[in-house]
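The structure appears below as structure tokens.
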Amino acid sequence: METFVKSDSIVRKIWSDSDNILFIFGACAGEFAQSKSVDWLFFTGKLPKDPIGRLFSTVVYAKQIIFEEKTKAERTLDNMKNIHKKVENERGYAIPNWAYQDVLYMLIAYTISAYELLNQTLSTDEKNEIFDVFRRVGLKMGIENLPTNFAHWEVHRQENLQLNYANSILTNQLFDAYRTHLGNFRFSILLSVQDMLLPKELKNAIGGYRIPNLIGMTKLYKSTKHICPINQLKYYLLPVQYRKMLRNLHRN
């Protein structure tokens, strides 16, 4: 059976671990909020009402692509493309290509940085493989002008960070929604994760908040996370209604 992502891929290894997924999800939450196209995420009204659930749905789609056979993965990608086209038709104009690029790029970036924070440094070949998998996702989604290799992606990612992000009223609304749905304690942990993973260009949005320094705790967790019950702590970083969702995303 041909799969969209080969069974021994580093991408599968990373996305099998709910620790990595949680940190990828946390970083993406911070970046989403600062995109100049964040208004698209507010268009249906679903994002501010359930920001955690909406971001989890993105993770679920990614998992379906990474772990399914090729035909099913491509069907999922076609479905995602159709969903976005429907939203575009309802609003009356197209989501800009650069916005699609940025979503793809943040998945590449945080797949790498979350794994390296919680595990070990990736090799150049592994980073190239991560890039290649998500590039194929982007091509199937019809995203244009994608870089052809990881080195070019690094340059393009930096350019997009300079051009496509800014704090806005919607940024503040989305962070307020995160705090409302997570509570103050969990929200502060989310901010700490973002402080560790967001590139410097995107840290202005969290600069006005009090952020706990959890680097030492993260290093301790990294060395002890294989021990039970320590490896269960991550589930309590989410409200009760989302814990089962995270457990279901973990693959042994």
[X] side, atom [atom1]; [Y] side, atom [atom2] - distance, nearest 0.5 Å:
{"X": "Leu163", "Y": "Gln158", "atom1": "CG", "atom2": "CD", "value": "10.5 Å"}
{"X": "Arg179", "Y": "Leu191", "atom1": "CZ", "atom2": "CG", "value": "8.5 Å"}
{"X": "Leu104", "Y": "Asn160", "atom1": "CG", "atom2": "CG", "value": "11.0 Å"}
{"X": "Ile52", "Y": "Thr180", "atom1": "CD1", "atom2": "OG1", "value": "10.0 Å"}
{"X": "Ile211", "Y": "Ser192", "atom1": "CD1", "atom2": "OG", "value": "7.5 Å"}
{"X": "Ile108", "Y": "Ile24", "atom1": "CD1", "atom2": "CD1", "value": "12.0 Å"}

Quick check on the hydrophobic clustering: are [X] and [Y] connected, directly or via other members, by side-chain heavy-atom contacts under 4.5 Å?
{"X": "Leu220", "Y": "Met196", "value": "no"}
{"X": "Leu190", "Y": "Met217", "value": "yes"}
{"X": "Trp98", "Y": "Phe131", "value": "no"}
{"X": "Ile189", "Y": "Val240", "value": "no"}
{"X": "Ile130", "Y": "Val155", "value": "no"}

When you measure from the side chain of [X] to the backbone of [Y], do you find a donor-acceptor pair of N or O atoms at a distance under 3.5 Å?
{"X": "Asn213", "Y": "Ile215", "result": "yes"}
{"X": "Asn20", "Y": "Trp15", "result": "no"}
{"X": "Thr171", "Y": "Ala33", "result": "yes"}
{"X": "Ser123", "Y": "Glu126", "result": "yes"}

So, do [X] and [Y] sit near enough that their side-chain heavy atoms are less than 4.5 Å apart?
{"X": "Gln120", "Y": "Tyr115", "answer": "yes"}
{"X": "Pro239", "Y": "His181", "answer": "no"}
{"X": "Leu117", "Y": "Phe23", "answer": "yes"}
{"X": "Phe4", "Y": "Glu74", "answer": "yes"}
{"X": "Thr76", "Y": "Glu68", "answer": "no"}
{"X": "Gln173", "Y": "Leu170", "answer": "yes"}

Lys/Arg N to Asp/Glu carboxylate O, [X] vs [Y], below 4.0 Å:
{"X": "Asp78", "Y": "Arg75", "value": "no"}
{"X": "Glu88", "Y": "Lys85", "value": "yes"}
{"X": "Glu129", "Y": "Arg135", "value": "no"}

Is it the case that more than 12 heavy atoms not belonging to Lys13 sit under 6.0 Å from its NZ atom?
->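 Check fails, neighbour count at 12 or below.
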Could you check Gln64 against Lys72 for side-chain contact (heavy atoms from CB on, under 4.5 Å), going step by step and ending with a plain yes or no?
-> CA-CA 8 Å; Gln64 289 174 349; Lys72 288 184 179 179; over 6 Å; no
Dump the intermediate steps for ring-ring contact (aromatic ring centres under 6.0 Å, His included) on Tyr93 and Trp40, then the final yes or no.
-> CA-CA 11 Å; Tyr93 57 95; Trp40 280 98; 5.3 Å; yes
Can you see which heavy atom on [X] is nearest to which on [Y], and at what distance?
{"X": "Ala205", "Y": "Asn167", "answer": "CB-OD1, 3.3 Å"}
{"X": "Cys28", "Y": "Leu107", "answer": "SG-CD2, 4.3 Å"}
{"X": "Val133", "Y": "Ser9", "answer": "CG2-OG, 4.5 Å"}
{"X": "Glu201", "Y": "Leu161", "answer": "OE1-CD1, 3.9 Å"}
{"X": "Gln34", "Y": "Leu202", "answer": "NE2-O, 2.8 Å"}
{"X": "Gln194", "Y": "Lys203", "answer": "O-CE, 4.5 Å"}

Is Arg157 positioned over the aromatic face of Tyr110, cation under 6.0 angstrom from the ring centre and no more than 45 degrees off axis?
->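 Yes, Arg157 and Tyr110 form such a contact.
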Stepwise side-chain hydrogen bond (donor to acceptor under 3.5 Å, both in side chains) check, His156 with Tyr105 | CA-CA 9 Å; His156 202 206; Tyr105 290 3; 2.6 Å; yes
Begin from the C-alpha positions of Asp132 and Lys127 and carry the test salt bridge (charged side-chain N to carboxylate O under 4.0 Å, His left out) through to its verdict.
-> CA-CA 9 Å; Asp132 179 68; Lys127 290 178 181 179; over 6 Å; no
Aromatic centroids of Trp153 and Phe134 separated by under 6.0 Å =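 Here the rings of Trp153 and Phe134 have centres that are no less than 6.0 Å from each other.
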Identify which one of Val103, Val38, Asp102 satisfies the side-chain contact (heavy atoms from CB on, under 4.5 Å) criterion when paired with Phe32.
->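 Looking at Val103, Val38, Asp102, the match for Phe32 under the side-chain contact (heavy atoms from CB on, under 4.5 Å) is Val103.
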Between the side chains of Glu31 and Tyr165, is a donor N or O closer than 3.5 angstrom to an acceptor N or O?
->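 Yes, Tyr165 and Glu31 have a side-chain donor paired with an acceptor closer than 3.5 Å.
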Please work out whether the ring planes of Phe175 and Phe187 are parallel, tilted or perpendicular, with thresholds of 30° and 60°.
->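 Perpendicular: the ring planes of Phe175 and Phe187 meet at over 60°.
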Take Arg12 and Thr3, measure what side-chain contact (heavy atoms from CB on, under 4.5 Å) needs, and give me the verdict at the end.
-> CA-CA 11 Å; Arg12 282 197 171 197; Thr3 55; 3.6 Å; yes
